[in-house]
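The structure appears right after this line, and notes come after that.
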Amino acid sequence: MLLIYITTGLLIVIVSSRYFQKSRNYKLGKLLKYSLASIIVVLMVVSVGLSVYMPVFHLPKPDGPEQVGTQTFHWTDLSRDEVLTADQSDKRELMIQIWYPAERKDNSKSEFLFPKDKEMFKKYIQTYANSLHLPEFVFDYWKYSRTNTYENAEIVPSTSPYPLVLLSHGMGTSRVLHASQAENLASHGYIVVTIDHTYSTFATIFPDGRVTDYKTKVKTIDERRTIGEIWTEDVKFVINQVEKLNSGAIESQFKGKMDVSHMGVMGHSFGGATAFNTAYVDDRIKAGINMDGSLIEVVNREDIRKPFMFIRSGSFKDWLVDFKKKKSHNKVNDEVNKQLSDELHIIKNVIRQGGNAIYVEGTEHFNFTDLQFYSPLIKLTGITGDIDGKRGSNIVNQYVLDFFNTYLKGTGGDLIQGPNGKYPEVKFVESSEL
């Protein structure tokens, strides 16, 4: 809009410049007129370009029959010291957002995606801007983006409790980037718990106004495994808290509404590895999904005896071919070779146990987040693929839903059985290919 304001001002100047054309300064007036007109054309082109490539975006509507509600919780794990800060008295604090089937109030509007409070929103975009070395005003338009969710709405009564899914973001992002996935599952009768892994996000806002930023070191394998253990403990702690919500030990509207015996876990990137690790070590988890996450930050797990699915980006097949070629020519150092071979061994075991490994052609790493909706310019960076963002999101949502329906509800299962004509982009990996 700033460009439009400038253009309006220049038009006023052009009109005023007619004075010069009628006076002795005719040439000066003509030069001023055409110079300003040229500037206006440039500004209008830039303004239209910004509206196309940096639009005010809204999350796509979920395709389930239920409306979606959300509530946030601030929980502190008093049994764990916070090791990512200098203050030795700090305990591990987490912000949690729960998404659930909700009753919509008449004439109510869905929530904004980002904080409504002006000061909190400013702190939030400051953190993003500082991290990306960009001016704050670049992100100011985010304040208009809406979800399809109603804050603190009443949960829809049900004759049976809702199955649960816990969701972890990737390294350096946040739960905000998985809002559409949470909404879609909730619209199909799930309660979804998204977790901000504090100090591993761009920004996490706490109720008292504090905004924490990224302080995590993951340059070495040991550092990655240390953080992996912290995140796994985060998820286990959240499961404990969710059980307290369900029992009524923590007062909320969720008492008796959660089916804690049918609980799944999923995550993207580092959060995907966390999902795998949590599924392996915690018997309360019945099924899990890893969305394009490497497993080199977790200890090699020989066997996972529960349903699991790997969803990889479209570059997975090329990466696999390239790795095997380098390995056969001894062009992979021993440490990297062991890490990647262990990861492929884990995936092969999952497939042999009846699990799934698929990849989606046309996608890249961040097609498994909501970042693909933020701007068409995201594609130019290569972090999302050529696939249309809404198409890619819908494919991932459908396979995630079908997987959890199969193993947490006992319904569905058509998509995860094998190739489907509705989604030709999805390719299934056979254990023999690994």
Side-chain angles (χ1 to χ4, degrees), residues 59 70 72-75 84 92-99 113-115 124 127-128 131-132 142 145 147 149 164-186 190 192-206 211-218 224 227-239 242 264-279 285 288-295 297-298 310-313 363-374 378 383-384 392-393 396-397 400:
L59 296 186
T70 190
T72 55
F73 293 85
H74 172 209
W75 289 333
L84 298 177
R92 184 68 171 163
E93 292 182 79
L94 298 173
M95 286 303 299
I96 309 301
Q97 189 165 1
I98 299 181
W99 314 74
L113 180 59
F114 298 97
Y124 197 83
T127 307
Y128 271 86
S131 299
L132 298 173
W142 285 2
S145 295
T147 66
T149 301
L164 278 162
V165 174
L166 295 102
L167 197 165
S168 289
H169 58 79
M171 184 62 67
T173 61
S174 81
R175 72 181 194 272
V176 173
L177 287 186
H178 295 277
S180 68
Q181 292 173 344
E183 285 185 341
N184 197 65
L185 280 172
Y190 287 86
V192 184
V193 183
T194 58
I195 306 167
D196 258 0
H197 296 280
T198 316
Y199 302 114
S200 297
T201 66
F202 262 129
T204 297
I205 297 179
F206 289 91
V211 181
T212 60
D213 57 5
Y214 185 80
K215 297 184 182 299
T216 305
K217 295 180 181 179
V218 285
R224 290 172 69 84
I227 299 302
E229 290 173 3
I230 292 173
W231 284 31
T232 299
E233 290 301 315
D234 286 348
V235 179
K236 291 168 68 176
F237 167 69
V238 170
I239 293 174
V242 163
V265 65
M266 64 182 288
H268 171 243
S269 194
F270 204 96
T274 301
F276 178 84
N277 206 37
T278 308
I285 298 296
I289 297 175
N290 177 337
M291 298 185 294
D292 212 38
S294 170
L295 295 181
E297 56 267 6
V298 302
F310 292 93
I311 310 179
R312 302 299 292 263
S313 64
T363 63
E364 289 296 340
H365 194 54
F366 280 91
N367 282 111
F368 299 93
T369 72
D370 292 345
L371 195 61
Q372 59 195 327
F373 307 131
Y374 283 37
I378 296 294
I383 62 176
T384 61
S393 172
V396 172
N397 281 343
V400 166

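All values below were derived from every heavy atom in this structure, side-chain atoms included, with hydrogens, water molecules and symmetry-related copies excluded.
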* **Asp196 (side chain) donor-acceptor with Arg175 (main chain) under 3.5 angstrom** => yes
| request: Could you tell me whether the side chain of His268 and the main chain of His365 form a donor-acceptor pair under 3.5 Å? | output: yes
Requested in this report: Start with the C-alpha gap between Val165 and Ile289, add the side-chain angles, then the distance that decides, and say whether side chain to side chain contact (heavy atoms under 4.5 Å, CB included) holds.
Outcome: CA-CA 10 Å; Val165 174; Ile289 297 175; over 6 Å; no
Original post:
Will you find, in the side chains of Thr194 and Trp99, an N or O donor that is under 3.5 Å from an N or O acceptor?
Top reply: yes
Practice prompt. Output yes when a side-chain donor or acceptor of Asp370 lies under 3.5 Å from a complementary backbone atom of Ala179, and no otherwise.
Written response: yes
d(Leu166 CG, Ile285 CD1) to nearest 0.5 Å is 5.5 Å
Residues passing the side chain to side chain donor-acceptor pair (under 3.5 Å) test with Thr384, sequence neighbours excluded, are none
Exactly one candidate in Phe368, Trp231, Phe202 meets ring pair (Phe, Tyr, Trp, His ring centres under 6.0 Å) with His169; the answer is Trp231
- Query: Do Phe373 and Ser145 have side chains that get closer than 4.5 Å, going by heavy atoms?
  - Reply: no
> Under the side chain to side chain contact (heavy atoms under 4.5 Å, CB included) criterion, do Gln97 and Thr72 qualify, and how do the steps go?
Replying inline: CA-CA 4 Å; Gln97 189 165 1; Thr72 55; 3.8 Å; yes
_Leu185 vs Met266, test: side chain to side chain contact (heavy atoms under 4.5 Å, CB included). Steps then yes/no._
CA-CA 12 Å; Leu185 280 172; Met266 64 182 288; 4.1 Å; yes
Of all heavy-atom pairs linking Ser313 and Thr363, the shortest is CA-OG1, 3.3 Å
Scanning both residues in full, the closest heavy-atom pair of Val265 with Ala279 reads CG1-CB, 4.2 Å
Separation between CD1 (Ile378) and CZ (Phe366), nearest 0.5 Å, reads 9.5 Å
Across all chains, not counting sequence neighbours, the side chain to side chain donor-acceptor pair (under 3.5 Å) partners of Ser168 are His197
d(Tyr199 OH, Ile227 CD1) to nearest 0.5 Å is 12.5 Å
- prompt: So, Glu93 versus Thr198: side-chain donor-acceptor pair below 3.5 Å or not?
  reply: no
Note: Ser200 and Thr216 closest approach over all heavy atoms is OG-OG1, 2.7 Å
Walk me through it: do Leu94 and Phe237 pass the test side chain to side chain contact (heavy atoms under 4.5 Å, CB included)? CA-CA 10 Å; Leu94 298 173; Phe237 167 69; 3.9 Å; yes
- Task: Side-chain contact test, heavy atoms from C-beta onward, threshold under 4.5 Å: evaluate it for Glu364 versus Ile383 and give yes or no.
- Result: no
To the nearest 0.5 Å, atom OG1 of Thr274 lies from atom NZ of Lys236 at 12.5 Å
Heavy atoms of Gln181 and Leu167 approach each other most closely as OE1-CD1, 4.0 Å
* Asked: Side chains of Thr232 and Asn277: is there a donor and an acceptor less than 3.5 Å apart?
  -> yes
Minimal heavy-atom distance between Thr369 and His178, with the atoms involved, is CG2-CE1, 3.8 Å
Rounded to the nearest 0.5 angstrom, the OG1-OH distance for Thr173 and Tyr214 is 10.0 Å
To the nearest 0.5 Å, atom OG1 of Thr212 lies from atom CE of Met95 at 10.0 Å
Here the pair of heavy atoms bringing Val242 nearest to Val193 is CG2-CG2, 4.1 Å
Anything under 30° is parallel, anything over 60° is perpendicular, the rest tilted; go ahead and classify Trp142 against Phe114. parallel
Test your reading of the model: is there a side-chain donor-acceptor pair from Thr201 to the backbone of Gly172, 3.5 Å cut-off?
no
